[in-house]
J.: 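Mind looking over this structure? Questions follow.
Not measured: the values here are computed from a predicted model.
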Amino acid sequence: MTCGLPYANGDLHVGHLRSIVAGDVFTRALRSVGQETAFVCGSDMHGAPIAVEAEQEGRSPREVALEYHETYAEQFPQFGVEFDNYGHTDEPENVELTREVVRALRAEGHLVEKEVKVAYDPTTEQPLPDRFVEGTCPYCGERARGDECDEGCGRHLEPGEIEDPVSVATGEPAEYRLREHEFFRLADLQEYLQAFIDRLEGTANARKQPREWIFGDLEDWCITRDMDWGIDYPDEDGGHEDLVLYVWVDAPVEYIASTKQYSERVGAEAYDWRAVWGEGPDPELPSGEERGPPGRGDIVHVIGKDIIQHHTVFWPAMLRAAGYDEPRAVVACGWVTVDGEGLSTSRGRAVWAEEYLEAGFEPDLLRYYLTTAGGFQDDVDFSWERFRQRVNDELVDDLGNFLYRSLLFAHRNYGGTPEADVSEDVRAAVRDAVEQFRDGLDGYEVREVGDAAVDLARFGNAYIQNNEPWNLDDDAAARVIRDCVQIAKAVTVLAEPVIPDTAERVWETLDEPGSVHDATVDAALETPPAEFHEPAEPFEPVDEDHVADLAARLEERVAESDTDTETDGATGAESETEDMADTADTDADVEPLTQERISHEMFQELDMRVGRIESAEPVEGADELVRLEVDVGVDRRQVVAGLQQLHDVDDLPGTRVVVLVNLEKAELFGVESNGMVLAAGEEADLLTTHDDAALGGRVR
RNA sequence: AGCGGGAUGGGAUAGCCAGGAGAUUCCGGCGGGCUCAUAACCCGCAGACCGGUGGUUCAAAUCCACCUCCCGCUACCA
């Protein structure tokens, strides 16, 4: 079991935790059904954003990345996430394995050299990866990063496409030079990938999204970069000393490296990484078909939905070509949104791991929320108020209360598990719950795994209520309570993957031998000890004022950041990953003032009027354009404006605006635009009046 | 723009692949009951024409076509 590697350039937040906790839940659940597993992960240390951050702070990239890595390694266990091995991509095991894989790709003849236009900083003589270049988008004319028109049309830009390139680091104009890079000819593996994608298990998005590529034309994939920070390209033939491997080559290899580290720590008898991953490259046997037997492990990758292609195209192609075994499943989870909006670390819209722990909440509560809030591949929303509701309604009132009331009743009246047989109804209910738990695992749906325990607790609450043992004589009550204690034990075992700490405490109350972490689902129907301890309340309710406070703090943070970054120019909803890139952004430049003067007469020619937007609707087929009907007092104008991505179209009607009414007419996407609505900046902040100037009033 | 995922009572969410009884469950609302328990739990009621339009069918939330909106990907962001 692996989780997508957290990229070592930011603090941990709920977005990271969702997929990592899911991996942990899967792993624990697999152990509960008796499977041997290894849960491995590591920090992703290389790549341009870390190099940029390091340069800005005047530190080495390794130092910067290691600092984040250590924080991660420390924080994951605080959320009950127990990796069997947590390494990082800059460790010798990964460096070695990565270079071995690349050598294998070359030995198999899958690599081709191609010349690529690379931007150079002429002052420092440094090659600049496209992340380090800014310029003008050739498609829309907006300011853009070298790899993507991030502020304008959003298009991906090929190297060399950007106009007027400027080095991010020095601000000097960059120049293009031809550089030789290595490309992985994915098309060589096309047939293999087509078969692979058909047998791949996991979420629907991961099984379907890559089909467009795999059944279309597979492009050559550039696997080297002009940078210092990364794993050196293995250059036995010489000529590529200055290239490092692209992070997406060495990052997934960490899955193998981390497994190997685990094997080496516990011994190959206890866990043999080769039994899972297969034999790997063998210089004596250059043909992929004739390699040793594939691993017998079932590799499952838990990732975020943004990196599906990397795990379903590039990665299996690498594995295949290097003689390693393919993943059995890729499980891609949706995002975590906060208060209904996309997570944005730079804008303060995030719930931080540290913040959560400092608020004094048990890790189990967040684990429960994140695993059961929605379908795995769907986005789920986090809000502090909903967090409180779900914890109090489901964990405290249902699961916690059932465990407490039934075990307390048993302890008070019988000192433990009363002597009686478990009824057939209850046995059946427990078996059903175990089945639900297994179905969740088989379907790669952690929510079902988590719900199995809560649903069984709800059954238990109904059971104890309907049978009213407090109104029965001792013998009859003993039978009911015997059933309830059994349900409680089953609930505890089934809840362990999601709420391990709580489950362990209940396990201790029951005076069960060993740890619940080692128990299997078989224990759900085994008799609990005849005597056990007085139970404690398993959960503390979440206080309303406490979460209101946290929510307010979050809101403040977002508001503050909004005013701070008004000139920042970022648009639209950001994903957490886009956001990681933000550290690379310098503040957007304010355009210099125009030196050339115009006459007053020329200004008089501009006929600008106060108007009010009467209606607004998106222009069909256009991403950004909105068709507006604007009342300018004496007239009603149809104006097309590029506001769609920056404003909620439904909110526009009623807005007072300033309109340039004598602009020449234009036709945009087949819609006539008769005038221009004035707006400021990249965010298209609409100009308006501060008092109530009449509609049609002239602006001078 | 292309591709993938999603849209189901006020909120959340299951069902869709393998079409068929009153569309699941939780929260919230209303009414009642109970008291072992962290004043919670149990029972009952109201509330959705299943994003839209059209089609296939005896029968569509489910299959097909087109459309709208949200999220992701589009190969040099990680």
J.: Using a cut-off of 4.0 Å on non-hydrogen atoms, how would the nucleic acid contact of Asn401(A) be classed: base, sugar-phosphate, or nothing?
T.: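 Counting heavy atoms under 4.0 Å across all strands, the contact made by Asn401(A) includes a base.
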J.: Please list, chain by chain and in numerical order, all residues satisfying ring-ring contact (aromatic ring centres under 6.0 Å, His included) with His533(A), sequence neighbours excluded.
T.: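 His533(A) satisfies ring-ring contact (aromatic ring centres under 6.0 Å, His included) with no other residue.
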J.: Checking contacts here: which listed nucleotide (C73(B), A75(B), C41(B)) is nearest the side-chain heavy atoms of Phe314(A)?
T.: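 Nucleotide nearest to Phe314(A)'s side chain: A75(B).
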J.: Less than 4.0 angstrom from a charged side-chain N to a carboxylate O is my criterion; do Arg177(A) and Asp226(A) meet it?
T.: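 Salt bridge between Arg177(A) and Asp226(A), a charged N being under 4.0 Å from a carboxylate O: no.
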J.: Give Pro541(A) one of three labels, base, sugar-phosphate or nothing, depending on what nucleic acid heavy atoms sit under 4.0 Å from its own.
T.: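 Here Pro541(A) touches the bases of the nucleic acid.
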J.: Give the rounded distance in Å between these two atoms: CD of Glu468(A) and P of U35(B).
T.: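 Nearest whole value for this atom pair: 7 Å.
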J.: Show each protein N/O and nucleotides 24-27 of chain B N/O combination with a separation under 3.5 Å, one pair to a line.
T.:
from, atom 1, to, atom 2, distance (Å)
C27(B), O3', Asp393(A), OD2, 3.3

J.: Would you give a per-nucleotide map of nucleotides 2-13 of chain B, 5' to 3', where B means the base has a protein non-hydrogen atom under 4.0 Å away, S means only the sugar-phosphate does, and - means neither?
T.: BSSSS-----SS
J.: Checking all strands, does Glu537(A) fall into the base, sugar-phosphate, or nothing category for heavy-atom contacts under 4.0 angstrom?
T.: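 Base contact.
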J.: Just checking Ile481(A): base, sugar-phosphate only, or nothing, at a heavy-atom cut-off of under 4.0 Å?
T.: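 No contact at all - Ile481(A) keeps every heavy atom at 4.0 Å or more from the nucleic acid.
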J.: Taking the P atom of each, how far is C17(B) from C42(B), in whole Å?
T.: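 It comes out at 33 Å once rounded to the nearest Å.
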J.: From the options Trp248(A), Tyr246(A), Trp229(A), select the one residue that forms a ring pair (Phe, Tyr, Trp, His ring centres under 6.0 Å) with His46(A).
T.: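 One option only clears the test, and that one is Trp229(A).
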